[in-house]
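Take a look at the structure below.
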Amino acid sequence: MRRPLVAGNWKMHGTRASVAELIRGLRQLALPVGVEIAVIPPALYVTQVVTGLEGKAIGVGAQNCAVEPMQGALTGEIAASQLADSGCAYVLVGHSERRQILGESEAMLSRKFAAAQACGLIPILCIGETLAQREAGKTLEVVQRQLGSVIEQLGVGAFARAVVAYEPVWAIGTGLTASPEQAQEVHASIRAQLRTESADVARGVRILYGGSVKAANAAELFAMPDIDGGLIGGASLNADEFGAICRAAGS
Ligand code: PGA
């Protein structure tokens, strides 16, 4: 059985004061057993969140890491080793906002994925199609190419210690959610792609759904056989809403 994971991606939101408030709310949550839970604040607030959540069963992750695993001369970047040293356990790799707005290439993402793993972090590889790609009937092809590029560079074995997040770009922050059936189709295809190389890896890997997940639609998404939790953006900025989504993964 795969243990569900619910991760809250705070994106570029927060101030020290609002982060403190969110930590207070998270500390008060009744959390479901059997669900792994994480929050992913801006790097600047990682230490505040790690300290603030001490003793609470919520892990912390980062939204990005450098292509080089270790500290060194790379102005403006943060090494995976530094994230690990600060208490992170996860790092997002290839979020669509970074692919699209910052032009992160597939080659760069494989290096980040490898850097994260070299430092003991769990990469959460984000993949997903745009609306134009979906409308052109290219969804599965796009997702296969994004996943395939990391498999090709690092081997399928890299996914024994990684998480995949399927996030249709058209559903991110738009209020439009993939239907459970639409999401399941893509999740099943991701797992099938991994299975062609390793049945064990395919069976064990957690595939999260992300894109306008809220308490009201989480349970039906998480009920699908290949959806193993969620990557939650906007709704993770509200502790009670996030808690309700976490509980939906436990039922
Ligand atoms: P959203 O974002 O839940 O606000 O749509 C999800 C994500 O980008 O990870």
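No hydrogens, no waters, no symmetry mates; every other heavy atom, side chains included, goes into these values. Remember, it's 1-based here, ligands and their atoms both numbered in the order they're listed.
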Practice prompt. With heavy atoms of Ser212 as the reference, note each atom of ligand 1 found under 4.0 Å away.
Written response: 1 (P), 3 (O), 5 (O)

Worksheet entry | N or O pair under 3.5 Å between Gly234 and ligand 1 | yes

Worksheet item: Just which atoms of ligand 1 are under 4.0 Å from any heavy atom in Gly233?
Response: 1 (P), 2 (O), 3 (O), 4 (O), 6 (C)

Discussion item. If only side-chain N and O atoms count, and only distance matters, is there a donor-acceptor pair under 3.5 Å linking Ser110 with Gln153?
Written reply: no

Item to complete: Quick one: do Glu129 and Trp170 satisfy side-chain hydrogen bond (donor to acceptor under 3.5 Å, both in side chains)? Show the steps, please.
Response: CA-CA 8 Å; Glu129 82 288 1; Trp170 49 271; 2.8 Å; yes

Worksheet entry | Any N/O pair Thr174/ligand 1 closer than 3.5 Å | no

Practice prompt. Taking only heavy atoms of Gly173 into account, list the atoms of ligand 1 that are under 4.0 Å away from them.
Written response: 1 (P), 4 (O), 5 (O)

Fill in: Close approach of Ala235 to ligand 1, heavy atoms, under 4.0 angstrom
no

Discussion item. Check contact between Ser96 and ligand 1, using heavy atoms of the residue and a distance below 4.0 angstrom.
Written reply: no

Worksheet item: Atoms of ligand 1 less than 4.0 Å from Asn9 heavy atoms?
Response: 9 (O)

Discussion item. Counting C-beta onward and ignoring hydrogens, is there a side-chain heavy-atom pair between Ser236 and Trp10 closer than 4.5 Å?
Written reply: yes

Worksheet entry | Distance, nearest 0.5 Å, that separates CZ of Arg2 from CD of Glu36 | 14.0 Å

Discussion item. Just so I know, are the side chains of Arg191 and Val201 near enough to count as touching, which here means a heavy-atom distance under 4.5 Å?
Written reply: no

Worksheet item: Got a salt bridge between Lys214 and Glu241, using NZ or NE/NH1/NH2 to carboxylate O under 4.0 Å?
Response: no

Worksheet entry | ligand 1 atoms in contact with His95 (distance to a heavy atom under 4.0 Å) | 7 (C), 8 (O), 9 (O)

Item to complete: Taking the side chain as every heavy atom from C-beta outward, state whether Tyr209 and Val213 have any pair of such atoms under 4.5 Å apart.
Response: yes

Discussion item. Show me which atoms of ligand 1 lie under 4.0 Å from any heavy atom of Gly211.
Written reply: 5 (O)

Item to complete: Could you tell me whether some N/O pair between Glu97 and ligand 1 is separated by less than 3.5 angstrom?
Response: no

Worksheet item: How about Gln133 and Thr130: does a side-chain donor come under 3.5 Å of a side-chain acceptor?
Response: yes

Discussion item. Show me which atoms of ligand 1 lie under 4.0 Å from any heavy atom of Ala171.
Written reply: 5 (O)

Item to complete: Mark up the atoms of ligand 1 that fall under 4.0 Å of a heavy atom belonging to Glu167, in ascending order.
Response: 6 (C), 7 (C), 8 (O), 9 (O)

Worksheet item: OH of Tyr166 to OG of Ser189: how many Å apart, nearest 0.5 Å?
Response: 9.5 Å

Worksheet entry | Any N/O pair Ile232/ligand 1 closer than 3.5 Å | no

